[in-house]
Amino acid sequence: MTENHETIDALSHENRRFPPSADFSLSAHVSDGGLHDEAAADLEAFWARQASELISWQQPWSKVLEWDLPYAKWFVDGKLNVAENCLDRHVKAGFGDKVAIYWEGEPGDTRTITYAELLAEVEQFSNVLKNLGVTKGDRVNIYLPMVPEAAVAMLACARIGAPHSVVFGGFSSQSLIDRINDAEAKVLITADGGYRRGEVFPLKPAADEAVAQTPSIEHVVVVERGGNEVDMVEGRDHWYHDLMAAADASCPPEAMDSEDLLFLLYTSGTTGKPKGIMHTTGGYLTHVAYTHRNVFDLHRDRDVYWCTADVGWITGHSYIVYGPLANGATQVMYEGVPNHPGNDRFWEIVEKYKVTIFYTAPTAIRTFMKWGADEPAKHDLSSLRLLGTVGEPINPEAWMWYHEHIGGGRCPIVDTWWQTETGGIMISPLPGYTTTKPGSATFALPGVDIAVVDDGGNEVDGGGGYLTLTRPWPGMLRGIWGDPQRFVETYWSRFDGSYFAGDGARLDDDGYLWLLGRVDDVMNVSGHRISTTEVESALVSHPSVAEAAVVGANDPTTGQAIFAYVTLRGGHDVDVATLRDHVAAEIGAIAKPKAIFFTPDLPKTRSGKIMRRLLRDVAEGRNLGDTTTLADASVVDELQRRASEAPSED
Ligand code: PRX
């Protein structure tokens, strides 16, 4: 964390302040400290009020919270259905004609879907799943591009009580295999292909490769989108539109227990396979509805909300599907990349749909900065009234650029800190109340208790330390699928009685929080978590590779970039491009190392531990610190020489 501390020391000299404008606060849901006071006075009563005001229950809960560390149950005995909350109740309340999703395909085709239409599609698809033999508790895998059917599939699963496991469409067939097998999913929902950078990227072939090695899958449902040629296996593979045409229209929502599993979402950890993070029903929905309403100050009668994440990530689950739809929002969903056909595609979309709330990642903002302020300047962005960021720390320069060139100097920015495991936003400004500082996520939300602690677990009241969550919250993960031991070890064993997030944080003199990034061996590349071990295993699975060490090095655009140091087996030869492609095939293109260096040896301590700190120093071109514990110091000299010579690839 040393280098991070230096950065943050510089950051905390950041003395620009942005209080909310009187105008914004006037109509904001939160414009004073009342919510904080309420939560501080009685946490359970606070969350109970959110749950009863924001969510409809088929049966009330008997107890708000049962906390048997580290196992939480929220709204015990309560019964509800998530899809009913996201759809039926809005239609019943007279909002059936309200637009739920303005979908924009990358080639420019569009679909406008009202709440009534979305409900009809979800009911029918729920029957499709039932007809394929899916029953309550069965897992369903979803591997789709950013098409409305992704939301339909998730909501249909929720409607019939079948937990979904969405796998990001950019992941490889191998990643899909691992996730399907871990969840033992019964049905896979995929597409022929989707659009990306003006071309169709095929998904079905990867799904076919996966299904050959996933014995639990009985049926594959294929959405037609790319129009690319696909093989359909008789009896196993079915077109979405054919099944829909044959399915009944009406499907009543299943009464689910508040603690029934809603979904699994796999995320990288420090060691081993990706973890299937478990999220349940009542607490999760309460948490995402509450945060979506208050952090984004959503007014459903006038806002058009747009989150640019993919549904394959937690941000897409919580802030495209469940939070916005539970709140009856109108939102934009976009299929493709920000630079097709031009670098102004996002701004064209903002102008076209008069987007008012825009939520994206710092890595995207840094890319927009590179493309220049002329791109957003081509469009009328005056509809925007609030901006958000998620996924990684935002540097003050990017924050200021976002503020000036996208927000026109008038929009509050909410820098939201959270994780796949937390389910929803935990730390963020409340835009009508909090004075922001560029680069700081500011404070824990009302209802969330955090502490920054030192190595010994003692709370620090200023300076740096580890971020911990000290009380249960409704959206918290309930476990790791099939691995309760790992759940306890990963999150609950480092600091007694608290959840350890794996992030460093610093409190400045005014009590503002500055997130410092991961303190473990998890890299954050473009806001996505990738573990060093996963990439190392992918590299050593290549027959020519003997040993590999992977580090995340600072990168001006992606936050961190993956650097790999590889030792080849005697007599073997392989080039960098082949190895990068191999990693893409094993995990997905997002895990491709930016640079790979071949080395006869890796720097190790005398006890054989790879010295990653040194490798990071080499990757970032820093002078090496203490190398006295190295078994063979000449290894590092050689690496430095190679690093200074080798070009890196993008
Ligand atoms: O390191 C933190 C970083 O992203 C990690 C969580 O990654 P994931 O589970 O993939 O979820 C990303 C979307 C919620 C965290 O441990 N992170 C997320 N948001 C921020 C952040 N770091 C700094 N500031 C943020 N706003």
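First listed ligand is number 1; within each ligand, the first listed atom is number 1. The chain is numbered in sequence order, starting from 1.
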Between T490 and K275, do the side chains contain a donor N or O and an acceptor N or O under 3.5 Å apart?
no
Quick one: does T267 get an N or O within less than 3.5 Å of an N or O on ligand 1?
no
Is the distance between the ring centroids of W399 and F18 less than 6.0 Å?
yes
Check: Y319/T291 side-chain N/O donor and acceptor closer than 3.5 Å
yes
Salt bridge check: are R16 and E397 linked by an N-O gap of less than 4.0 Å?
no
Any side-chain heavy-atom pair of E534 and I587 under 4.5 Å
yes
Is there a donor in the side chain of N339 and an acceptor in the side chain of W371, or the other way round, less than 3.5 Å apart?
no
Note: heavy atom closest to atom 16 (O) of ligand 1, options E421, H528, R518, belongs to R518
Which ligand 1 atoms are under 4.0 Å away from a heavy-atom of W418?
6 (C), 14 (C), 15 (C), 18 (C), 19 (N)
Flag the pair M278 / L477 as yes when at least one side-chain heavy-atom distance between them is below 4.5 Å, and no otherwise.
no
Please could you name the atoms of ligand 1 that N524 approaches to less than 4.0 Å, counting only its heavy atoms?
3 (C), 4 (O)
The protein heavy atom nearest to atom 10 (O) of ligand 1 is R529 CD, 3.5 Å
Is the contact between A441 and ligand 1 made by the side chain, the backbone, both, or neither, using heavy atoms and a 4.0 Å cut-off?
neither
Is there a polar contact between ligand 1 and T315, counting only N or O atoms under 3.5 Å apart?
no
Contacting atoms of ligand 1, where contact means under 4.0 angstrom from a heavy atom of V390:
13 (C), 14 (C)
Looking only at heavy atoms, is any part of T389 under 4.0 Å from ligand 1, and if so is it the side chain, the backbone, or both, or is it neither?
neither
Applying a strict 4.0 Å limit to heavy atoms, is G391 in contact with ligand 1?
yes
Within reach of ligand 1, part of E392 (heavy-atom separation under 4.0 Å):
backbone
For atom 2 (C) of ligand 1, what's the nearest protein heavy-atom neighbour? Residue, atom name and distance, please.
D503 OD2, 2.8 Å
Atom 11 (O) of ligand 1 [closest protein heavy-atom partner, distance rounded to 0.1 Å]:
T420 N, 3.7 Å
With sequence neighbours excluded, what pairs up with S173 under the side-chain contact (heavy atoms from CB on, under 4.5 Å) test?
A206, E209
For D415, is at least one N or O under 3.5 Å away from an N or O on ligand 1?
yes
SB check D555 K594 (cutoff 4.0 Å):
yes
